[in-house]
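Below: the structure, in structure tokens.
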Amino acid sequence: MAGRNEDSRKTLALRRRLLAWYAPHRRDLPWRRTREPYAIWISEIMLQQTRVAVVMARYREFLERFPTLTSLARADEQEVLAQWSGLGYYRRARMLHQAAQFVVQRDNGNLPATAEELRRLPGIGAYTAAAIASIAHGKCSAVVDGNVARVVCRLEGWDGAGGRANDPLKRRIEARAAQLIDPTHPGDWNQAMMELGATVCLPRNPRCLECPIAGACKTRGEHKTLPRAPMLRREIGHALVVRIPNRARKSGAGAQEILLEQRPPELTVMPGLWELPELRQAAIPEPELRMTVRHAIMRVNYLVRIRDVAEHNVEKLTVQQGERRWVRLEDAWRMALTGLTRKVLERARLSPAAKDVAAHSSQ
DNA sequence: CATTCGTGGAG
DNA sequence: TCTCCAAGAAT
């Protein structure tokens, strides 16, 4: 009895301290200026395994393009992927789209309000369900993301190194998070825990001197992590094929087109996205090197060689897997390009306009 | 349940 | 330059 009261007294103090810290330290993020469930949902999907800074740059424009759940549901998948282009984990965009259509069909576009119901939608797992329910609807559902797991493990002095795919520990963390959550401010509490993990209780160099709950922490130090498999290296080549259609020759170079290829839908990696045609290995004569790009995807570090290929050599020098299309450069930016393709096109500076911008900004 | 899915930025 | 990894979910 006494021990239990002691625990609850400590818990109350912990809640008070963390929430008091959160109020003045919370970052002013766009998705913290709304409680609209749809907007919260979009932010939570984007934030999955994606840094706040990256989401900051893409969140508003996604909501401008798809302002409502219904508008998202009505869009073509390619439009959604195009808006998602560069964010990675493209399955998120597909499942977001599917879930929107599902909700429109089943419940007239009203997103469920409880974690249990949200959890049934594609792309919404335990974390996202609890996040939406607590932040948008004030439900008392504790989130456990990477931040919360780390904070809880340090607080309790648990060895978090096995935290990945280790069920017993994961359950203990979830149970502890459920005990800690402040039932009077669930959304703020969840965000405060994540904010603490993201800005103070950092993975490698935690700033324990700035931590509002260091007094309750059993660790105040490093967080063990498992070593990772070393990155693999691979070299690949892509073809940059540019042409100016006859009909557009008089109007100048602004109408130049590039050849893009759509990745087949059956691929596991980035199906349906558009990229530069793949260069045939040991192509002879070897096309001129335009640029080399480093691009890491998952555990493979690619050295990518981009070579200029003339239109009449495309068949001979490239391998084709999916549909090809000539696209005006200005239109390409609005397509579902892979991140690598986007990077290459930016760096290639094909259009006169892009050159002008670069010339001005570099002076 | 271990694996797989992208990307860009900090250190 | 290179490693590490970030508000996870599906399979």
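All values derive from a computational prediction rather than experimental measurement. Naming convention: chains lettered A, B, ... in sequence-line order (proteins, then strands); numbering from 1 in each chain. The figures that follow rest on heavy atoms only: side chains count, while hydrogens, waters and symmetry mates do not.
- Position along DNA chain C of the nearest nucleotide to Pro122(A) versus Gln191(A) favours Gln191(A) as the more 5'-ward residue.
- Of the listed nucleotides (dC4(C), dA10(C), dC5(B)), dC4(C) has the atom at the smallest distance from the side chain of Arg204(A).
- Ranked by how close their nearest DNA chain B nucleotide is to the 5' end, Ala53(A) and Thr268(A) are led by Thr268(A).
- For the residue pair Thr11(A)/Gln179(A), the side-chain donor-acceptor check at 3.5 Å is not satisfied.
- Rounded to whole angstrom, the span from the CG atom of Leu232(A) across to the C1' atom of dT3(B) amounts to 14 Å.
- If you measure from atom CE of Met298(A) to atom C1' of dC4(C), you get 13 Å, rounded to the nearest angstrom.
- Mapped onto DNA chain B by nearest heavy atom, Arg299(A) and Gly86(A) fall at different nucleotides, with Arg299(A) at the one closer to the 5' end.
- Comparing dG6(B), dA6(C), dG8(C) by their closest approach to the side chain of Asn147(A) singles out dA6(C).
- Toward the 5′ end of DNA chain C lies the nearest nucleotide of Ala296(A), the other residue of the pair Ala296(A) and Arg32(A) mapping further downstream.
- OP1 or OP2 of dG8(C) sits under 4.0 Å from a side-chain N or O of Gln49(A).
- For dT7(B), the OP1/OP2 oxygens have a side-chain nitrogen or oxygen of His295(A) closer than 4.0 Å.
- Distance from the side chain of Met270(A) is smallest to dT7(B) among dA9(C), dT7(B), dA7(C).
- Taking only side-chain nitrogens and oxygens, Tyr89(A) never comes nearer than 4.0 Å to OP1 or OP2 of dA6(C).
- Closest to the side chain of Pro203(A), from the set dA6(C), dA10(C), dA7(C), is dA6(C).
- Between Leu273(A) atom CG and dT7(B) atom C1' there is a gap of 13 Å when expressed in whole angstrom units.
- The gap from the P atom of dT4(B) to that of dA7(C) amounts to 23 Å, rounded to the nearest Å.
- Evaluated for a salt bridge (Lys or Arg N to Asp or Glu O under 4.0 Å) with Glu311(A), the options Arg324(A), Lys316(A), Arg243(A) yield exactly one hit, Arg243(A).
- No hydrogens or angles considered: a donor-acceptor pair under 3.5 Å links the side chains of Gln191(A) and Arg32(A).
- Closest approach of Leu260(A) to Val327(A), counting heavy atoms only: CD1-CG2, 4.0 Å.
- One interatomic measurement links the two molecules: CH2 of Trp274(A) to C1' of dG6(B), which rounds to 20 Å at whole-angstrom precision.
- Comparing dG8(B), dG6(B), dA7(C) against the side chain of Lys343(A) picks out dG8(B) as the nearest.
- His25(A) and Trp21(A) have parallel rings, their planes meeting at less than 30° on a 0 to 90° scale where 60° marks the start of perpendicular.
- Taking atom CD on Glu275(A) and atom C1' on dG6(B), their separation rounds to 13 Å, with Å as the unit.
- Among the nucleotides dA10(C), dC2(C), dA7(C), the one closest to the side chain of Arg233(A) is dC2(C).
- Residue contacts shown for Trp84(A) are absent, as no nucleic acid heavy atom lies under 4.0 Å away.
- Between the P atom of dA9(C) and the CE atom of Met46(A) lies a distance of 16 Å, rounded to the nearest Å.
- Here the P atom of nucleotide dA6(C) and the CD atom of Glu44(A) are 16 Å apart, to the nearest Å.
- Taking atom C1' in both dT1(C) and dG8(B), the straight-line distance is 15 Å, to the nearest Å.
- The listed nucleotides are dG8(B), dC5(B), dA7(C); the one nearest the side chain of Arg91(A) is dC5(B).
- Distance from the side chain of Ala198(A) is smallest for dA7(C) among the nucleotides dA10(C), dA7(C), dG6(B).
- Between dA9(C) and Thr128(A), a contact under 4.0 Å exists linking OP1 or OP2 to a side-chain N or O.
- For Pro264(A), the side chain to side chain contact (heavy atoms under 4.5 Å, CB included) partners two or more places apart in sequence, or in a different chain, are Glu266(A), Leu267(A), Gln321(A).
- If you take atom C1' in dA9(C) and the same atom in dG9(B), they sit 24 Å apart, rounded to whole Å.
- For the pair Arg94(A) CZ and dA9(C) C1', the interatomic distance rounds to 14 Å; values are reported in whole Å.
- Note on Ile124(A): only backbone sugar-phosphate atoms sit closer than 4.0 angstrom, heavy atoms only; bases stay farther off.
- Put simply, the side chain of Arg51(A) and the base of dA7(C) share no donor and acceptor less than 3.5 Å apart.
- Comparing atom distances between the Thr338(A) side chain and each of dT7(B), dA7(C), dT3(C) picks out dT7(B) as nearest.
- At a threshold of 4.0 angstrom between heavy atoms, the contacts of Ile40(A) with the nucleic acid are absent.
- There is no side-chain donor-acceptor pair under 3.5 Å between Thr338(A) and Arg263(A).
- With hydrogens and angles ignored, a donor-acceptor pair closer than 3.5 Å exists between the side chain of Thr50(A) and the base of dG6(B).
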